[in-house]
Amino acid sequence: MKVLLIGGGGREHAIAAAISRSKKNPQLYAAMNKKNPAIAKLCTDFLLIKETDPMIVDYAKTKGIELAVIGPEAPLAAGISDMLWNAGIPVVGPRRLAAQLEFDKAWTRIFMKKYNISGLPEFRVFRKGESGTDEYIDEIKDVVIKPAGLTGGKGVRVMGDHFEIEGAKEYAKEVLKNDNLVIEERLIGEEFTVQAFVDGSALAFAPAVQDHKRAFEDDKGPNTGGMGSYSDSKDVLPFMKDSDLIEAKKIMTDAVRAIKKETGIPYQGILYGQFMATRKGISVIEFNARFGDPEAMNVLPLLENDFLEVCVAIVNGTLGRLKVTFRRQATVCKYAVPEGYPDDPVWDSEVIIGDINDALLFYSSVYEKHGIVYTTGSRALAVLGMAETIRDAERKAQAGLSGLKGKLFSRPDIGSDQLILKRIHHMDELRNRG
Ligand code: AMP
Ligand code: GLY
(Lines give C-alpha, C1' and ligand atoms only; values in the text may rest on other atoms or scores of the structure.)
(Ligands and ions follow the chains in the order given, each with its own letter.)
Protein backbone atom coordinates (compact mmCIF):
# COMPACT_ATOMS: atom_id res chain seq x y z
CA MET A 1 0.00 0.00 0.00
CA LYS A 2 1.37 3.41 -1.00
CA VAL A 3 0.95 5.91 1.82
CA LEU A 4 1.75 9.62 1.83
CA LEU A 5 2.58 11.29 5.14
CA ILE A 6 2.35 15.08 5.27
CA GLY A 7 4.53 16.73 7.92
CA GLY A 8 8.07 16.35 9.20
CA GLY A 9 8.22 16.76 13.00
CA GLY A 10 8.46 14.43 15.98
CA ARG A 11 4.77 13.60 15.80
CA GLU A 12 5.19 12.67 12.15
CA HIS A 13 8.20 10.50 12.95
CA ALA A 14 5.96 8.58 15.38
CA ILE A 15 3.30 8.28 12.64
CA ALA A 16 5.89 7.19 10.06
CA ALA A 17 7.21 4.53 12.46
CA ALA A 18 3.66 3.25 13.09
CA ILE A 19 3.01 3.07 9.34
CA SER A 20 6.30 1.25 8.79
CA ARG A 21 5.35 -1.40 11.37
CA SER A 22 2.23 -2.30 9.35
CA LYS A 23 1.79 -5.74 7.85
CA LYS A 24 0.03 -4.20 4.86
CA ASN A 25 3.35 -3.92 3.06
CA PRO A 26 3.48 -0.12 3.22
CA GLN A 27 5.52 2.01 0.89
CA LEU A 28 5.92 5.32 2.64
CA TYR A 29 6.15 8.69 0.92
CA ALA A 30 6.45 12.02 2.71
CA ALA A 31 5.82 15.69 1.96
CA MET A 32 7.61 17.86 4.49
CA ASN A 33 8.92 21.42 4.92
CA LYS A 34 12.41 20.29 5.82
CA LYS A 35 14.09 16.94 5.59
CA ASN A 36 13.53 15.02 8.80
CA PRO A 37 16.42 12.53 8.60
CA ALA A 38 14.55 9.74 10.42
CA ILE A 39 11.39 10.05 8.33
CA ALA A 40 13.46 10.23 5.16
CA LYS A 41 15.10 6.91 6.08
CA LEU A 42 11.69 5.21 6.33
CA CYS A 43 10.53 6.57 2.97
CA THR A 44 10.61 5.22 -0.57
CA ASP A 45 10.61 8.84 -1.69
CA PHE A 46 9.93 12.28 -0.22
CA LEU A 47 9.20 15.79 -1.39
CA LEU A 48 10.48 18.94 0.33
CA ILE A 49 7.64 21.41 0.04
CA LYS A 50 5.56 23.80 2.12
CA GLU A 51 3.03 21.54 3.83
CA THR A 52 0.14 23.75 2.65
CA ASP A 53 1.14 23.70 -1.02
CA PRO A 54 -1.53 22.19 -3.33
CA MET A 55 1.33 20.74 -5.43
CA ILE A 56 1.34 17.96 -2.83
CA VAL A 57 -1.76 16.62 -4.57
CA ASP A 58 0.08 16.38 -7.91
CA TYR A 59 2.92 14.58 -6.19
CA ALA A 60 0.46 12.12 -4.63
CA LYS A 61 -1.19 11.45 -7.99
CA THR A 62 2.14 10.96 -9.74
CA LYS A 63 3.27 8.44 -7.12
CA GLY A 64 -0.01 6.50 -7.15
CA ILE A 65 -0.70 7.21 -3.45
CA GLU A 66 -3.59 5.17 -2.05
CA LEU A 67 -3.89 6.80 1.37
CA ALA A 68 -2.68 10.06 2.88
CA VAL A 69 -2.10 10.85 6.56
CA ILE A 70 -1.87 14.50 7.60
CA GLY A 71 0.18 15.23 10.74
CA PRO A 72 0.03 19.00 11.41
CA GLU A 73 -2.84 21.49 11.44
CA ALA A 74 -1.69 23.90 8.73
CA PRO A 75 -2.45 21.59 5.76
CA LEU A 76 -5.88 20.82 7.27
CA ALA A 77 -6.66 24.54 7.50
CA ALA A 78 -5.41 24.99 3.93
CA GLY A 79 -7.83 22.36 2.63
CA ILE A 80 -5.19 19.85 1.51
CA SER A 81 -7.44 17.07 2.79
CA ASP A 82 -10.34 18.25 0.57
CA MET A 83 -8.02 18.47 -2.45
CA LEU A 84 -6.71 14.94 -1.93
CA TRP A 85 -10.20 13.48 -1.46
CA ASN A 86 -11.31 15.33 -4.61
CA ALA A 87 -8.43 13.69 -6.46
CA GLY A 88 -9.70 10.28 -5.30
CA ILE A 89 -7.14 9.84 -2.50
CA PRO A 90 -8.60 9.01 0.91
CA VAL A 91 -7.19 11.00 3.82
CA VAL A 92 -6.74 10.55 7.55
CA GLY A 93 -7.24 14.18 8.58
CA PRO A 94 -10.55 16.06 8.45
CA ARG A 95 -11.66 18.23 5.57
CA ARG A 96 -11.40 21.97 6.03
CA LEU A 97 -14.94 22.60 7.28
CA ALA A 98 -14.60 19.89 9.91
CA ALA A 99 -11.08 21.02 10.87
CA GLN A 100 -12.50 24.42 11.84
CA LEU A 101 -12.80 22.81 15.24
CA GLU A 102 -9.10 23.54 15.55
CA PHE A 103 -8.33 26.51 13.40
CA ASP A 104 -11.18 28.81 14.38
CA LYS A 105 -11.56 29.07 18.14
CA ALA A 106 -14.41 31.60 17.83
CA TRP A 107 -16.37 29.30 15.51
CA THR A 108 -15.81 26.40 17.88
CA ARG A 109 -17.07 28.15 21.00
CA ILE A 110 -20.22 29.26 19.16
CA PHE A 111 -20.64 25.76 17.72
CA MET A 112 -20.36 24.19 21.19
CA LYS A 113 -23.02 26.53 22.49
CA LYS A 114 -25.35 25.91 19.55
CA TYR A 115 -25.18 22.13 19.99
CA ASN A 116 -25.25 22.28 23.77
CA ILE A 117 -21.92 20.47 24.10
CA SER A 118 -20.88 20.46 27.73
CA GLY A 119 -17.62 21.77 29.14
CA LEU A 120 -18.09 25.25 27.74
CA PRO A 121 -16.57 28.03 29.85
CA GLU A 122 -18.09 31.50 30.09
CA PHE A 123 -16.99 33.23 26.85
CA ARG A 124 -17.65 35.96 24.33
CA VAL A 125 -16.54 36.28 20.73
CA PHE A 126 -15.40 39.67 19.42
CA ARG A 127 -15.10 40.25 15.68
CA LYS A 128 -12.16 42.05 14.12
CA GLY A 129 -12.48 45.77 14.87
CA GLU A 130 -15.38 45.32 17.34
CA SER A 131 -15.34 47.28 20.61
CA GLY A 132 -16.51 46.36 24.11
CA THR A 133 -13.57 44.21 25.20
CA ASP A 134 -12.68 46.48 28.15
CA GLU A 135 -16.17 46.11 29.59
CA TYR A 136 -16.18 42.33 29.17
CA ILE A 137 -12.75 41.97 30.77
CA ASP A 138 -13.94 44.11 33.71
CA GLU A 139 -16.97 41.85 34.03
CA ILE A 140 -15.16 38.45 33.91
CA LYS A 141 -11.90 39.70 35.46
CA ASP A 142 -10.03 36.37 35.49
CA VAL A 143 -9.80 36.02 31.71
CA VAL A 144 -8.00 34.17 28.98
CA ILE A 145 -7.56 35.88 25.63
CA LYS A 146 -7.44 33.75 22.50
CA PRO A 147 -6.90 34.92 18.94
CA ALA A 148 -9.41 32.90 16.87
CA GLY A 149 -6.91 31.70 14.26
CA LEU A 150 -3.88 29.41 14.32
CA THR A 151 -0.97 30.92 16.21
CA GLY A 152 1.30 27.90 16.60
CA GLY A 153 0.31 27.57 20.26
CA LYS A 154 1.69 31.00 21.12
CA GLY A 155 -1.32 33.32 20.86
CA VAL A 156 -3.28 32.39 23.98
CA ARG A 157 -2.59 34.57 27.03
CA VAL A 158 -3.75 33.85 30.54
CA MET A 159 -4.49 36.28 33.37
CA GLY A 160 -1.85 36.10 36.07
CA ASP A 161 0.60 34.23 33.83
CA HIS A 162 0.95 36.78 31.05
CA PHE A 163 -0.77 39.95 32.18
CA GLU A 164 -3.06 41.65 34.69
CA ILE A 165 -6.29 43.51 33.82
CA GLU A 166 -4.71 46.46 31.99
CA GLY A 167 -2.40 44.20 30.00
CA ALA A 168 -5.33 41.99 29.06
CA LYS A 169 -7.24 44.98 27.74
CA GLU A 170 -4.28 46.08 25.67
CA TYR A 171 -3.65 42.60 24.28
CA ALA A 172 -7.33 42.18 23.32
CA LYS A 173 -7.24 45.41 21.32
CA GLU A 174 -4.00 44.46 19.66
CA VAL A 175 -5.35 41.06 18.55
CA LEU A 176 -8.61 42.58 17.31
CA LYS A 177 -6.72 44.67 14.77
CA ASN A 178 -5.96 41.51 12.80
CA ASP A 179 -8.15 38.65 13.97
CA ASN A 180 -11.36 37.66 15.70
CA LEU A 181 -11.01 37.01 19.38
CA VAL A 182 -12.39 34.86 22.14
CA ILE A 183 -12.34 36.14 25.69
CA GLU A 184 -13.22 33.47 28.22
CA GLU A 185 -13.07 32.76 31.92
CA ARG A 186 -9.82 31.34 33.25
CA LEU A 187 -10.31 27.75 34.31
CA ILE A 188 -8.43 26.41 37.30
CA GLY A 189 -7.45 22.78 37.51
CA GLU A 190 -5.30 20.16 35.79
CA GLU A 191 -5.12 19.75 32.03
CA PHE A 192 -5.29 16.49 30.17
CA THR A 193 -5.50 15.40 26.56
CA VAL A 194 -7.61 12.67 24.99
CA GLN A 195 -6.89 11.63 21.41
CA ALA A 196 -9.24 9.53 19.30
CA PHE A 197 -9.40 7.91 15.90
CA VAL A 198 -12.62 9.04 14.22
CA ASP A 199 -14.30 7.65 11.10
CA GLY A 200 -17.14 10.17 10.87
CA SER A 201 -19.29 8.53 13.52
CA ALA A 202 -17.33 6.02 15.62
CA LEU A 203 -14.51 7.10 17.95
CA ALA A 204 -11.70 4.88 19.28
CA PHE A 205 -9.97 6.51 22.23
CA ALA A 206 -6.33 6.40 23.29
CA PRO A 207 -5.31 6.66 26.96
CA ALA A 208 -5.27 10.17 28.46
CA VAL A 209 -2.00 12.10 28.32
CA GLN A 210 -0.71 15.18 30.12
CA ASP A 211 1.58 17.58 28.26
CA HIS A 212 3.88 20.20 29.82
CA LYS A 213 3.80 23.50 28.00
CA ARG A 214 6.24 25.52 30.10
CA ALA A 215 9.90 25.45 29.16
CA PHE A 216 11.42 24.96 32.60
CA GLU A 217 11.15 22.71 35.63
CA ASP A 218 8.21 23.16 37.95
CA ASP A 219 6.12 24.70 35.14
CA LYS A 220 8.18 27.87 35.03
CA GLY A 221 9.22 29.93 32.04
CA PRO A 222 7.67 30.67 28.66
CA ASN A 223 5.15 28.50 26.82
CA THR A 224 6.49 26.03 24.27
CA GLY A 225 5.01 23.56 21.82
CA GLY A 226 5.22 21.02 24.67
CA MET A 227 8.30 19.81 26.58
CA GLY A 228 7.08 16.32 27.32
CA SER A 229 4.11 14.23 28.32
CA TYR A 230 3.14 11.09 30.19
CA SER A 231 0.39 8.51 30.27
CA ASP A 232 -0.43 5.81 32.81
CA SER A 233 -0.90 2.06 32.38
CA LYS A 234 -4.64 2.65 32.52
CA ASP A 235 -6.77 5.06 30.53
CA VAL A 236 -6.87 7.80 33.19
CA LEU A 237 -4.02 9.79 34.71
CA PRO A 238 -3.29 9.57 38.47
CA PHE A 239 -5.06 12.85 39.27
CA MET A 240 -8.18 11.95 37.24
CA LYS A 241 -11.38 10.25 38.25
CA ASP A 242 -12.89 7.69 35.89
CA SER A 243 -15.87 10.00 35.51
CA ASP A 244 -13.55 12.74 34.13
CA LEU A 245 -12.63 10.51 31.22
CA ILE A 246 -16.22 9.40 30.64
CA GLU A 247 -17.24 13.06 30.47
CA ALA A 248 -14.36 13.92 28.10
CA LYS A 249 -15.25 11.04 25.77
CA LYS A 250 -18.88 12.11 25.70
CA ILE A 251 -17.91 15.66 24.79
CA MET A 252 -15.74 14.41 21.91
CA THR A 253 -18.46 12.05 20.68
CA ASP A 254 -21.03 14.85 20.81
CA ALA A 255 -18.67 17.16 18.93
CA VAL A 256 -18.16 14.61 16.12
CA ARG A 257 -21.94 14.15 15.72
CA ALA A 258 -22.55 17.89 15.78
CA ILE A 259 -19.82 18.56 13.20
CA LYS A 260 -21.65 16.31 10.75
CA LYS A 261 -24.91 18.16 11.42
CA GLU A 262 -23.40 21.62 11.21
CA THR A 263 -21.15 21.18 8.18
CA GLY A 264 -22.55 18.11 6.42
CA ILE A 265 -19.00 16.72 6.48
CA PRO A 266 -18.10 13.60 8.43
CA TYR A 267 -15.10 14.14 10.71
CA GLN A 268 -12.51 11.60 9.57
CA GLY A 269 -9.09 11.65 11.18
CA ILE A 270 -7.71 12.25 14.63
CA LEU A 271 -9.59 14.31 17.18
CA TYR A 272 -7.62 15.78 20.07
CA GLY A 273 -9.55 17.07 23.07
CA GLN A 274 -7.73 19.34 25.50
CA PHE A 275 -9.57 19.42 28.81
CA MET A 276 -9.26 21.01 32.21
CA ALA A 277 -10.38 18.94 35.18
CA THR A 278 -11.79 21.59 37.51
CA ARG A 279 -13.56 21.69 40.85
CA LYS A 280 -16.87 21.56 39.02
CA GLY A 281 -16.06 18.93 36.40
CA ILE A 282 -14.54 18.89 32.93
CA SER A 283 -14.14 21.93 30.69
CA VAL A 284 -12.95 22.09 27.13
CA ILE A 285 -9.79 24.14 26.60
CA GLU A 286 -9.71 23.43 22.89
CA PHE A 287 -10.01 20.82 20.19
CA ASN A 288 -7.27 19.98 17.72
CA ALA A 289 -7.87 18.17 14.45
CA ARG A 290 -4.70 16.05 14.67
CA PHE A 291 -2.48 14.17 17.07
CA GLY A 292 -0.60 16.25 19.61
CA ASP A 293 3.12 16.71 19.48
CA PRO A 294 4.46 15.17 21.79
CA GLU A 295 1.24 13.30 22.72
CA ALA A 296 1.31 11.17 19.53
CA MET A 297 4.60 9.69 20.76
CA ASN A 298 2.93 8.47 23.96
CA VAL A 299 0.06 6.63 22.34
CA LEU A 300 1.18 5.36 18.92
CA PRO A 301 3.89 3.03 20.31
CA LEU A 302 1.20 1.53 22.61
CA LEU A 303 -1.27 0.83 19.81
CA GLU A 304 -1.78 -2.93 19.50
CA ASN A 305 -3.62 -2.76 16.18
CA ASP A 306 -1.97 -2.38 12.82
CA PHE A 307 -1.98 1.42 12.47
CA LEU A 308 -2.68 1.25 8.73
CA GLU A 309 -5.68 -0.97 9.36
CA VAL A 310 -7.00 1.70 11.70
CA CYS A 311 -6.34 4.35 9.02
CA VAL A 312 -8.21 2.33 6.40
CA ALA A 313 -11.15 1.93 8.81
CA ILE A 314 -11.13 5.72 9.39
CA VAL A 315 -11.41 6.52 5.69
CA ASN A 316 -13.91 3.71 4.97
CA GLY A 317 -16.13 4.58 7.92
CA THR A 318 -15.74 1.08 9.41
CA LEU A 319 -13.93 1.92 12.63
CA GLY A 320 -16.91 0.74 14.69
CA ARG A 321 -16.17 -2.83 13.54
CA LEU A 322 -12.55 -2.74 14.68
CA LYS A 323 -11.52 -3.38 18.28
CA VAL A 324 -8.84 -0.79 18.91
CA THR A 325 -6.60 -1.55 21.89
CA PHE A 326 -3.53 -0.06 23.54
CA ARG A 327 -0.87 -1.85 25.51
CA ARG A 328 -1.39 -1.41 29.27
CA GLN A 329 1.86 0.38 29.91
CA ALA A 330 2.80 3.80 31.19
CA THR A 331 4.80 6.16 28.97
CA VAL A 332 6.96 9.21 29.58
CA CYS A 333 8.08 11.34 26.65
CA LYS A 334 10.68 14.09 27.02
CA TYR A 335 11.89 16.54 24.46
CA ALA A 336 15.53 17.60 24.28
CA VAL A 337 15.46 21.18 23.02
CA PRO A 338 18.25 23.60 22.08
CA GLU A 339 19.69 25.76 24.87
CA GLY A 340 17.85 29.07 24.95
CA TYR A 341 14.62 27.56 23.55
CA PRO A 342 12.04 28.95 22.95
CA ASP A 343 13.12 32.63 23.13
CA ASP A 344 16.71 32.55 21.94
CA PRO A 345 17.63 29.01 20.89
CA VAL A 346 21.06 27.96 19.64
CA TRP A 347 20.87 26.96 15.99
CA ASP A 348 23.10 24.68 13.97
CA SER A 349 24.64 23.09 17.02
CA GLU A 350 25.90 19.51 16.76
CA VAL A 351 24.03 16.73 18.55
CA ILE A 352 25.69 13.41 19.22
CA ILE A 353 23.26 10.54 19.49
CA GLY A 354 24.82 7.81 21.63
CA ASP A 355 23.30 4.90 23.52
CA ILE A 356 19.69 5.69 24.40
CA ASN A 357 19.30 2.41 26.31
CA ASP A 358 15.70 1.11 26.35
CA ALA A 359 14.11 4.36 25.21
CA LEU A 360 12.60 5.05 21.81
CA LEU A 361 13.97 8.03 19.91
CA PHE A 362 12.02 10.44 17.73
CA TYR A 363 13.58 13.06 15.49
CA SER A 364 11.88 16.43 15.37
CA SER A 365 13.47 19.70 14.24
CA VAL A 366 17.00 18.57 13.42
CA TYR A 367 18.85 18.26 10.17
CA GLU A 368 21.69 16.07 9.03
CA LYS A 369 24.75 17.18 7.08
CA HIS A 370 27.58 14.80 6.18
CA GLY A 371 26.24 12.32 8.71
CA ILE A 372 26.16 14.84 11.59
CA VAL A 373 22.92 15.91 13.27
CA TYR A 374 22.36 19.63 14.02
CA THR A 375 19.73 21.58 15.92
CA THR A 376 17.37 24.12 14.44
CA GLY A 377 15.65 26.68 16.66
CA SER A 378 12.90 24.28 17.68
CA ARG A 379 12.35 21.07 19.68
CA ALA A 380 15.11 18.72 18.55
CA LEU A 381 14.71 15.10 19.64
CA ALA A 382 12.28 13.25 21.87
CA VAL A 383 12.81 10.11 23.90
CA LEU A 384 10.07 7.81 25.11
CA GLY A 385 10.19 5.42 28.04
CA MET A 386 7.56 2.67 28.27
CA ALA A 387 7.14 0.51 31.38
CA GLU A 388 4.65 -0.91 33.86
CA THR A 389 4.67 2.28 35.94
CA ILE A 390 5.13 5.99 35.25
CA ARG A 391 8.14 5.91 37.59
CA ASP A 392 9.92 3.23 35.54
CA ALA A 393 8.93 4.84 32.25
CA GLU A 394 10.41 8.10 33.54
CA ARG A 395 13.69 6.38 34.38
CA LYS A 396 13.87 4.92 30.90
CA ALA A 397 13.24 8.33 29.37
CA GLN A 398 16.03 9.85 31.49
CA ALA A 399 18.37 7.01 30.54
CA GLY A 400 17.49 7.76 26.92
CA LEU A 401 18.28 11.46 27.37
CA SER A 402 21.68 10.61 28.84
CA GLY A 403 22.64 9.29 25.40
CA LEU A 404 22.05 12.66 23.72
CA LYS A 405 24.99 15.07 23.83
CA GLY A 406 24.96 18.66 22.72
CA LYS A 407 23.75 22.14 23.66
CA LEU A 408 20.38 20.80 24.75
CA PHE A 409 18.15 20.81 27.78
CA SER A 410 15.03 18.97 28.89
CA ARG A 411 12.69 18.81 31.86
CA PRO A 412 13.84 16.23 34.41
CA ASP A 413 10.62 16.71 36.41
CA ILE A 414 8.20 15.40 33.79
CA GLY A 415 6.84 12.06 35.00
CA SER A 416 8.71 12.29 38.33
CA ASP A 417 7.00 11.12 41.55
CA GLN A 418 7.17 14.64 42.86
CA LEU A 419 5.35 16.15 39.91
CA ILE A 420 2.70 13.41 39.78
CA LEU A 421 2.01 13.90 43.49
CA LYS A 422 1.78 17.65 43.00
CA ARG A 423 -0.90 17.14 40.34
CA ILE A 424 -2.83 14.75 42.60
CA HIS A 425 -2.67 17.14 45.55
CA HIS A 426 -3.73 20.06 43.39
CA MET A 427 -6.84 18.21 42.22
CA ASP A 428 -7.64 16.92 45.75
CA GLU A 429 -7.36 20.42 47.11
CA LEU A 430 -9.69 21.85 44.43
CA ARG A 431 -12.25 19.09 44.85
CA ASN A 432 -12.27 19.34 48.63
CA ARG A 433 -12.76 23.06 48.44
CA GLY A 434 -15.91 22.46 46.39
P1 AMP B 1 -4.64 26.63 23.50
O2 AMP B 1 -3.78 27.24 22.43
O3 AMP B 1 -6.10 26.89 23.38
O4 AMP B 1 -4.26 25.18 23.77
O5 AMP B 1 -4.20 27.32 24.84
C6 AMP B 1 -2.87 27.26 25.29
C7 AMP B 1 -2.86 27.06 26.77
O8 AMP B 1 -3.52 28.15 27.40
C9 AMP B 1 -3.63 25.84 27.24
O10 AMP B 1 -2.90 24.66 27.16
C11 AMP B 1 -3.95 26.22 28.66
O12 AMP B 1 -2.84 25.98 29.49
C13 AMP B 1 -4.18 27.70 28.55
N14 AMP B 1 -5.63 27.97 28.47
C15 AMP B 1 -6.39 28.04 27.36
N16 AMP B 1 -7.67 28.30 27.66
C17 AMP B 1 -7.72 28.40 29.01
C18 AMP B 1 -8.77 28.69 29.97
N19 AMP B 1 -10.03 28.95 29.60
N20 AMP B 1 -8.42 28.70 31.27
C21 AMP B 1 -7.16 28.48 31.69
N22 AMP B 1 -6.14 28.22 30.84
C23 AMP B 1 -6.41 28.19 29.52
N1 GLY C 1 1.22 19.42 22.56
C2 GLY C 1 0.15 20.25 22.22
C3 GLY C 1 -0.29 20.18 20.82
O4 GLY C 1 0.18 19.40 20.03
O5 GLY C 1 -1.18 20.95 20.46
Side-chain angles (χ1 to χ4, degrees), residues 7 9-12 14-15 71-74 76-77 99 101-109 112 119-124 137 140-163 168 171 175 179 181-195 206 208-215 219 221-231 270-280 282-300 333-335 337 342 362 364 378-379 382 411 414 423 426 430:
R11 162 184 50 213
E12 288 75 27
I15 296 172
E73 60 276 22
L76 299 170
L101 214 42
E102 168 158 8
F103 70 75
D104 190 340
K105 291 181 200 289
W107 184 89
T108 299
R109 286 307 193 205
M112 285 182 71
L120 186 60
E122 198 63 44
F123 79 99
R124 215 177 119 184
I137 291 169
I140 301 285
K141 291 187 183 71
D142 209 6
V143 293
V144 176
I145 295 189
K146 302 180 162 186
L150 293 178
T151 57
K154 308 218 165 69
V156 173
R157 299 213 184 150
V158 178
M159 182 68 74
D161 287 356
H162 300 109
F163 45 48
Y171 184 56
V175 172
D179 197 355
L181 177 71
V182 182
I183 301 181
E184 63 189 34
E185 67 171 307
R186 181 167 80 100
L187 301 161
I188 297 170
E190 282 296 330
E191 286 182 62
F192 64 92
T193 299
V194 181
Q195 300 167 100
V209 181
Q210 189 178 46
D211 185 19
H212 297 73
K213 283 224 184 285
R214 301 302 199 93
D219 297 322
N223 271 337
T224 69
M227 292 294 291
S229 45
Y230 66 94
S231 66
I270 312 302
L271 179 61
Y272 169 117
Q274 179 76 20
F275 300 95
M276 183 84 85
T278 74
R279 191 166 62 80
K280 291 182 285 187
I282 299 307
S283 291
V284 177
I285 299 275
E286 65 167 350
F287 293 109
N288 291 326
R290 50 165 177 85
F291 279 119
D293 187 343
E295 295 94 324
M297 293 181 268
N298 295 91
V299 300
L300 282 172
C333 181
K334 301 198 190 204
Y335 256 117
V337 304
F362 297 99
S364 187
S378 200
R379 295 176 295 178
R411 274 188 56 173
I414 294 172
R423 306 285 188 235
H426 185 208
L430 286 174

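Any value given below was found using the heavy atoms of this structure, including those in side chains, with hydrogens, waters and symmetry copies removed. It should be emphasised that the depicted structure is a prediction, and the values quoted were computed from it without experimental measurement. Start at 1 and go down the list; that is how both ligands and their atoms are numbered.
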Practice problem: Output, in order, the C-alpha distance, side-chain angles, deciding distance and verdict of side chain to side chain contact (heavy atoms under 4.5 Å, CB included) for Ile140 and Arg124. | Solution: CA-CA 10 Å; Ile140 301 285; Arg124 215 177 119 184; over 6 Å; no
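- For Arg11, no nitrogen or oxygen atom sits less than 3.5 Å from a nitrogen or oxygen atom of ligand 2, counting backbone and side chain alike.
- Each of the following atoms of ligand 1 lies closer than 4.0 Å to a heavy atom of Glu185: 18 (C), 19 (N), 20 (N).
- Under 4.0 Å from ligand 1, the heavy atoms of Met276 that appear belong solely to its side chain.
- Taking every non-hydrogen atom of Asp211 and a distance limit under 4.0 Å, the qualifying atoms of ligand 2 come out as 1 (N), 2 (C).
- Distances from ligand 2 to the non-hydrogen atoms of Pro294 include at least one value under 4.0 Å.
- Relative orientation of the Tyr171 and Phe163 rings is tilted, given thresholds of 30° and 60° on the angle between their planes.
- In plain terms, the two heavy atoms of Phe123 and Glu184 that are nearest each other are CB-CB, 3.7 Å.
- Under 4.0 angstrom from ligand 1, the non-hydrogen atoms of Leu187 come from both its backbone and its side chain.
- Lys141 NZ to Glu185 CD: the interatomic distance, rounded to the nearest 0.5 Å, is 13.5 Å.
- Put simply, the side chain of Glu73 reaches to within 4.5 Å of the side chain of Leu150, judged on heavy atoms.
- Within the model, atoms CD1 of Ile183 and CZ of Arg109 stand 13.0 Å from one another, a figure rounded to the nearest 0.5 Å.
- Judged by the shortest distance from any of its heavy atoms, Gly226 lies outside the 4.0 Å radius around the atoms of ligand 2.
- A donor-acceptor contact closer than 3.5 angstrom links the side chains of Gln210 and Glu190.
- How far OG1 of Thr193 is from CD of Glu286: 8.5 Å, rounded to the nearest 0.5 Å.
- Contact atoms of ligand 1 toward Lys146: 3 (O), 15 (C), 16 (N) (distance under 4.0 Å to a heavy atom of the residue).
- Here the side chain of Ser229 pairs no donor or acceptor atom with the backbone of Asp211 at under 3.5 angstrom.
- Near Arg186, with a cut-off below 4.0 Å to any heavy atom, the atoms of ligand 1 are 20 (N), 21 (C).
- Counting only heavy atoms of the protein, atom 5 (O) of ligand 2 lies nearest to Arg290 NH2, 3.0 Å.
- Side-chain contact check for Gln195 and Glu295: no donor-acceptor pair (N or O, by modelled atom type) lies under 3.5 Å.
- Contacts between Asn288 and ligand 2, counted as non-hydrogen atom pairs separated by less than 4.0 Å, involve the side chain only.
- Distances from ligand 2 to the non-hydrogen atoms of Gln274 include no value under 4.0 Å.
- Atom numbering of ligand 1 starts at 1 in the shown order; those under 4.0 Å from a heavy atom of Val156 are 1 (P), 2 (O), 3 (O), 5 (O), 6 (C), 8 (O), 15 (C).
- Near Val144, meaning under 4.0 Å from any of its heavy atoms, are these atoms of ligand 1: 16 (N), 17 (C), 18 (C), 19 (N), 20 (N), 21 (C).
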Self-check item: Stepwise side chain to side chain contact (heavy atoms under 4.5 Å, CB included) test for His212 and Arg411
Solution: CA-CA 9 Å; His212 297 73; Arg411 274 188 56 173; 3.8 Å; yes
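- Considering both main-chain and side-chain atoms, Glu295 comes within under 3.5 Å of ligand 2 through a nitrogen or oxygen pair.
- For atom 2 (C) of ligand 2, the nearest non-hydrogen atom of the protein is Tyr272 OH, 3.4 Å.
- Shown in contact with Gly225 at under 4.0 Å from a heavy atom are these atoms of ligand 2, numbered in order with element: 1 (N), 2 (C).
- Every atom of ligand 2 is numbered from 1 in the order shown, and the set under 4.0 Å from a heavy atom of Lys213 is 2 (C).
- Residue-to-ligand polar distances keep Glu286 apart from ligand 2: every N/O pair is separated by 3.5 Å or more.
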